[in-house]
Amino acid sequence: MTVVYAEGDPLLTRQHTLAFAHNAAGRAETDPLGLRLHHAFPAAFAAYRKRCRAGRVRPGTLWLWREARPRLCFLVVRETPAGALRARYVESALLTLARDYRLEGIRSLALAPLAPPAEWGALLPLLTRWLAVSALPCVIYTRCIPGADGEAALD
C-alpha cells in the first residue's frame with residue numbers, strides 16, 4: 001500500500017491510529033513530542049505504565065490504547081527512557097504492526113518520528129521494508145513541527 005512521508009504535527013493526524021516510540025519501563029519520554037503526548041493522553045500513559053510495572057510489556061512489541069481518537073500505538077523500541085533506540089526492537093514492532101494490523105482493527109496509521117534526526121536515516125529502510133509491503137495506509141512523519149498540519153497536502 002502507499003506509504004506517504006510528511007512533516008508536521010502527528011497529534012493533528014486524521015489517521016485512525018497514531019504510533020510513536022516509547023520505552024518498556026513505562027516512564028515518561030523527555031522529548032517534546034513525548035511530553036505533549038503524555039499531557040494530551042494521561043489515562044493512556046497511566047494504563048501503559050501499570051502494564052510495564054506488572055512486567056507485561058517487552059521491548060520489540062506494541063501496545064494499543066483504543067479509548068482515544070486517534071487510537072494510540074505504543075511502539076516499545078527502548079528498554080528505558082534514557083536508553084538507546086534499538087533497530088531490532090523497531091523492526092520487531094513494525095513486523096508485528098504490518099502483520100497484525102487487521103486483527104487489531106487499525107484502518108490507517110500515522111507514525112511519529114521514532115528517533116532524533118541524526119538516527120532517523122538509518123530507520124527509514126526498516127519502515128519502508130515492513131510498512132510498504134503491508135496493505136495498511138501509512139503517513140510517516142519525518143519531522144515534528146508542532147501546530148503544522150502535515151496531512152493537508154494529502155487531501
Show me the side-chain donor-acceptor pairs of residues 108-119 shorter than 3.5 Å, one per line, residues at least two apart or across chains.
residue: S108; atom: OG; partner: Q15; partner atom: OE1; Å: 3.1
residue: S108; atom: OG; partner: H16; partner atom: N; Å: 2.8

Output side-chain donor-acceptor pairs under 3.5 Å for residues 92-102, partner residues at least two apart or in another chain, one line each.
residue: S92; atom: OG; partner: G60; partner atom: O; Å: 2.8
residue: T96; atom: OG1; partner: S92; partner atom: O; Å: 3.0

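Taken together through direct or relayed side-chain contacts under 4.5 Å among Ile, Leu, Val, Met, Phe, Trp and Tyr, I106 and Y48 form parts of separate hydrophobic clusters. Hydrophobic clustering of Ile, Leu, Val, Met, Phe, Trp and Tyr side chains at less than 4.5 Å, counting indirect connections, keeps V57 apart from L75. Hydrophobic clustering of Ile, Leu, Val, Met, Phe, Trp and Tyr side chains at less than 4.5 Å, counting indirect connections, keeps L11 apart from I145. Cluster membership for F20 and L35, using ILVMFWY side-chain heavy atoms within less than 4.5 angstrom, is not shared.
Separation of the F41 and W65 ring centroids does not fall under the 6.0 Å cut-off.
The shortest heavy-atom contact between Y89 and V77 is CD1-O, 3.5 Å. When every heavy atom of L72 is checked against every heavy atom of A68, the shortest pair comes out as CG-CB, 4.4 Å. Residues A25 and T80 approach most closely at CB-CA, 4.3 Å, considering heavy atoms. Across all non-hydrogen atoms, the minimal contact from L64 to R66 is CD1-NH2, 3.6 Å.
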Residues I140, V3; criterion side-chain contact (heavy atoms from CB on, under 4.5 Å); working and verdict: CA-CA 7 Å; I140 298 175; V3 172; 3.3 Å; yes
Steps toward side-chain contact (heavy atoms from CB on, under 4.5 Å) verdict (E104, T17): CA-CA 11 Å; E104 299 292 352; T17 302; over 6 Å; no
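The closest side-chain heavy-atom distance from Y141 to E151 is below 4.5 Å. The shortest side-chain heavy-atom distance between R86 and P59 does not fall under the 4.5 Å cut-off. The shortest side-chain heavy-atom distance between V90 and L85 falls under the 4.5 Å cut-off.
Around atom CZ of R107, no more than 12 heavy atoms belonging to other residues, nucleotides or ligands sit under 6.0 Å away.
Each of R78, E79, E29 was scored for a side chain to side chain donor-acceptor pair (under 3.5 Å) with N23, with one residue passing: E29.
The aromatic rings of F74 and H22 sit perpendicular, their planes meeting at an angle over 60°, well past the 30° parallel limit.
Once rounded to the nearest 0.5 Å, the distance linking CG of L37 with CG of D31 reads 8.0 Å. Once rounded to the nearest 0.5 Å, the distance linking CG of L131 with OG1 of T2 reads 12.5 Å. E91 contributes atom CD, which lies 5.0 Å from atom CG of L126 (distance to the nearest 0.5 angstrom). For the atom pair SG of C73 and CG of L18, the computed distance is 8.5 Å after rounding to the nearest 0.5 Å.
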